[in-house]
Enquirer: 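Below are the structure tokens for one structure; questions will follow.
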Amino acid sequence: MKVTIREVANYLDQEITIGAWLANKRSSGKIAFLQLRDGTGFIQGVVVKNEVPEEVFAKAKSITQESSLYVTATVRKDERSPLGYELAVKDIEIIHEATDYPITPKEHGTEFLMDHRHLWLRSRKQHAIMKIRNEIIRATYEFFNKEGFVKVDPPILTGSAPEGTTELFHTKYFDEDAYLSQSGQLYMEAAAMALGKVFSFGPTFRAEKSKTRKHLIEFWMIEPEMAFYTQEDNLRVQEEYVSFIVQSVLENCQLELNTLERDTSKLENIKAPFPRISYDDAIKLLHEKGFDDIEWGDDFGAPHETAIAESFDKPVFIMNYPVGIKPFYMQPHPDRDDVVLCADLIAPEGYGEIIGGSERIHDPELLKQRMEEHKLPAENYKWYLDLRKYGSVPHSGFGLGLERTVAWISGVDHIRETIPFPRLLNRLYP
């Protein structure tokens with residue numbers, strides 16, 4: 001019976017066949033230990049010389065790393081195995097024998113591993129990160145479907161910048177200028193006016209020449225928008241959503257978290273509600289921590305976000321930023337004209353901002369004024385103004401960066417490991 005490693009628990013003491021690759025092996029004179037992987041997981045196969053035909057043991061001794069094979073074996077319990085099971089191998093059929101596999105169990109430099117990203121993905125750690133990424137995506141769909149949201153796909157090619165920035169990838173759309181999307185938000189606002197509560201999940205692009213461990217050129221965003229939702233409603237959805245995906249990973253990815261040696265006690269505490277701090281108080285807190293260089297009106301960098309997060313054991317909302325450092329579409333604070341109704345959610349343990357969100361301006365005249373202040377061409381945004389012209393309502397939304405969230409929940413140091421094929425300032429290969 002052909003099964004996967006993920007399914008072996010259902011076949012205790014039964015004979016099965018698994019299609020697998022040889023991740024690693026070790027052997028003594030009379031026994032060989034094969035570390036097998038099949039995409040669903042890793043398991044050890046044990047080949048005992050006096051229990052198999054001579055040619056089977058010879059294959060076990062000679063087979064090379066990353067060769068593909070069919071293994072016929074009996075499933076048995078093994079308390080020492082992370083999986084809880086191992087295979088007593090009876091037969092081996094080699095499908096393809098790999099030679100000179102470049103990634104060996106020794107240490108390799110980062111650039112070497114990135115040049116071989118297509119192969120590095122096969123390793124235990126990278127496999128675990130991708131499984132956690134997949135669980136976050138699965139839980140995202142479950143959460144928003146459960147909450148009555150509709151999935152909408154905004155365009156990737158756009159005629160203008162959602163946030164008025166110059167950090168865009170320009171291309172030609174026949175005889176017009178076009179850009180790779182840096183956010184689907186404006187289109188999601190249109191969708192919310194039609195469908196009420198919507199969310200998107202797709203790639204976004206930033207031509208930001210940054211080399212930090214928290215930046216990618218191409219990354220994936222989850223962007224919900226909600227009609228008739230205030231910023232307070234918006235914050236509640238954010239903290240419930242983040243709590244849900246963290247608890248889903250804890251429940252369904254324990255093996256992967258163990259592989260990554262993640263301290264799960266820090267994740268077990270991630271449950272709504274989350275603490276909140278105003279931008280004003282965040283500036284005061286930074287001054288108390290010795291950051292004398294930052295002034296009211298400045299945006300926060302990574303060291304500032306880390307210092308603020310250190311005061312809390314959960315993600316923390318920094319609320320109500322100055323008008324001058326936020327995009328044109330954010331709703332002003334009802335009691336102050338110098339700040340807007342927005343919040344950034346800062347992850348613990350130095351992982352920085354994972355969500356940015358706000359209540360959106362719903363007054364057509366104020367939005368038009370903001371667009372003029374930001375020198376945005378009216379002809380490109382006529383359709384966006386139409387949303388306020390025909391039945392405008394208060395509405396709110398946010399964007400969560402998937403890769404930063406994967407990095408935080410997985411506990412990995414660099415965002416480049418959280419996406420299958422990262423696009424970085426100096427990397428477009430493989």
Side-chain angles (χ1 to χ4, degrees), residues 132-152 183-185 188-189 191-192 195-202 220-254 257 262 264-278 305 308-309 312-321 330-331 341-349 351-360 393-410:
I132 289 170
R133 178 190 174 102
N134 181 70
E135 176 59 23
I136 292 170
I137 294 168
R138 188 209 62 77
T140 291
Y141 278 84
E142 181 182 346
F143 176 84
F144 287 113
N145 287 331
K146 178 172 61 77
E147 294 294 322
F149 284 68
V150 177
K151 169 75 160 46
V152 171
S183 168
Q185 179 205 310
M188 298 308 293
E189 289 185 55
L195 296 161
K197 296 192 296 185
V198 296
F199 78 103
S200 67
F201 171 58
W220 287 65
M221 291 268 285
I222 292 100
E223 296 185 279
E225 288 289 329
M226 300 153 283
F228 306 103
Y229 270 50
T230 64
Q231 174 65 347
E232 183 62 34
D233 300 325
N234 191 18
L235 295 177
R236 178 184 53 78
V237 173
Q238 291 175 49
E239 60 192 6
E240 289 178 356
Y241 166 50
V242 171
S243 301
F244 185 82
I245 59 175
V246 170
Q247 297 306 315
S248 292
V249 170
L250 281 171
E251 182 177 348
N252 299 315
C253 296
Q254 200 61 53
L257 293 167
R262 181 65 164 110
T264 54
S265 66
K266 295 180 178 179
L267 297 176
E268 287 160 6
N269 190 44
I270 309 301
K271 295 177 182 176
F274 296 160
R276 303 177 184 184
I277 184 173
S278 69
E305 291 176 346
I308 293 165
F312 305 91
D313 60 358
K314 294 182 181 182
V316 55
F317 288 112
I318 305 177
M319 302 174 60
N320 306 334
Y321 282 73
M330 292 190 176
Q331 177 74 9
L341 291 176
C342 71
D344 289 347
L345 185 63
I346 311 301
E349 304 174 71
Y351 284 93
E353 178 194 340
I354 56 170
I355 288 181
S358 74
E359 187 169 330
R360 318 309 192 187
V393 299
H395 61 288
S396 302
F398 64 92
L400 175 138
L402 176 63
E403 286 76 20
R404 287 189 182 184
T405 305
V406 175
W408 162 49
I409 295 176
S410 302

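Scope of the values below: all heavy atoms of this structure, side chains included, with no hydrogens, waters or symmetry mates.
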Enquirer: Hey, does E353 have a side-chain heavy atom less than 4.5 Å from the side chain of I318?
Expert: no
Enquirer: Got a sec, which residues hit side chain to side chain contact (heavy atoms under 4.5 Å, CB included) with P273, two or more places apart in sequence or on another chain?
Expert: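 Result, side chain to side chain contact (heavy atoms under 4.5 Å, CB included) vs P273: E239.
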Enquirer: Please tell me whether Y241 and F144 form a close aromatic pair, meaning their ring centres lie under 6.0 Å apart.
Expert: yes
Enquirer: Can you tell if the side chain of W220 reaches within under 4.5 Å of the side chain of V406, non-hydrogen atoms only?
Expert: no
Enquirer: Scan side-chain atoms only and decide if E189 and Q185 contain a donor-acceptor pair under the 3.5 Å cut-off.
Expert: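 The answer is yes; a qualifying pair exists.
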Enquirer: Please name the pair of heavy atoms, one in A309 and one in P348, separated by the smallest distance, quoted to 0.1 Å.
Expert: CB-CA, 4.4 Å
Enquirer: Nearest heavy-atom pair of L195 and V198: which atoms, and what distance?
Expert: CB-CG1, 3.7 Å
Enquirer: With R262, which residues qualify under side chain to side chain donor-acceptor pair (under 3.5 Å), at least two apart?
Expert: E349
Enquirer: By side chain to side chain contact (heavy atoms under 4.5 Å, CB included), which residues pair with M330, not counting sequence neighbours?
Expert: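 With sequence neighbours excluded, M330 shows a side chain to side chain contact (heavy atoms under 4.5 Å, CB included) to K326, P327, V340, C342, S358, given in chain and number order.
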Enquirer: Going by salt bridge (charged side-chain N to carboxylate O under 4.0 Å, His left out), name the pairs with one or both residues in residues 138-147, residues two or more places apart or in two chains.
Expert: E135-R138, R138-E142
Enquirer: Once rounded to the nearest 0.5 Å, what's the spacing between atom CD1 of I346 and atom CD1 of I277?
Expert: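 If we round to the nearest 0.5 Å, I346:CD1 and I277:CD1 are 10.5 Å apart.
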Enquirer: NZ/K197 to CE/M188 distance, rounded to the nearest 0.5 angstrom?
Expert: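 Interatomic distance, K197 NZ to M188 CE, rounded to 0.5 Å: 13.5 Å.
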Enquirer: Kindly write out the residues that satisfy side chain to side chain donor-acceptor pair (under 3.5 Å) with Y351, not counting sequence neighbours, or none if the list is empty.
Expert: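 Not a single residue meets the side chain to side chain donor-acceptor pair (under 3.5 Å) criterion with Y351.
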Enquirer: Could you work out, with ring pair (Phe, Tyr, Trp, His ring centres under 6.0 Å) as the rule, every residue matching Y141, not counting sequence neighbours?
Expert: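 Expected list: F199.
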Enquirer: Output all residues satisfying ring pair (Phe, Tyr, Trp, His ring centres under 6.0 Å) with F274, sequence neighbours left out; order by chain, then residue number.
Expert: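 None.
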Enquirer: For N234, check side chain to side chain contact (heavy atoms under 4.5 Å, CB included) against everything at least two apart and list the hits.
Expert: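 N234: side chain to side chain contact (heavy atoms under 4.5 Å, CB included) contacts with M226, Q231, Q238, S396, F398.
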Enquirer: Specify the closest pair of heavy atoms between A347 and I354, including all atoms of both residues, with the distance to one decimal.
Expert: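 Closest approach of A347 to I354: CB-CG2, 4.0 Å.
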Enquirer: Kindly write out the residues that satisfy side chain to side chain donor-acceptor pair (under 3.5 Å) with S243, not counting sequence neighbours, or none if the list is empty.
Expert: none
Enquirer: Taking atom CD1 of I355 and atom CG of D344, what is their separation to the nearest 0.5 Å?
Expert: 9.5 Å
Enquirer: Just so I know, are the side chains of V242 and T405 near enough to count as touching, which here means a heavy-atom distance under 4.5 Å?
Expert: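 Sidechains of T405 and V242: no contact.
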Enquirer: What residues, two or more places apart in sequence or in another chain, satisfy side chain to side chain contact (heavy atoms under 4.5 Å, CB included) together with F228?
Expert: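 V393.
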Enquirer: Taking only residues at least two apart or on different chains, which pairs with a member in residues 267-277 satisfy side chain to side chain donor-acceptor pair (under 3.5 Å)?
Expert: E232-R276, N269-D313
Enquirer: Which residues pass the side chain to side chain donor-acceptor pair (under 3.5 Å) test with Q331, sequence neighbours left out?
Expert: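 Result, side chain to side chain donor-acceptor pair (under 3.5 Å) vs Q331: none returned.
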Enquirer: Minimum heavy-atom separation for M319 to A343, with atom names?
Expert: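 Heavy atoms of M319 and A343 come nearest at CG-CB, 4.0 Å.
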Enquirer: Going from CZ on F201 to OG1 on T140, what distance comes out if it is rounded to the nearest 0.5 angstrom?
Expert: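 If I round to the nearest 0.5 Å, the distance is 7.0 Å.
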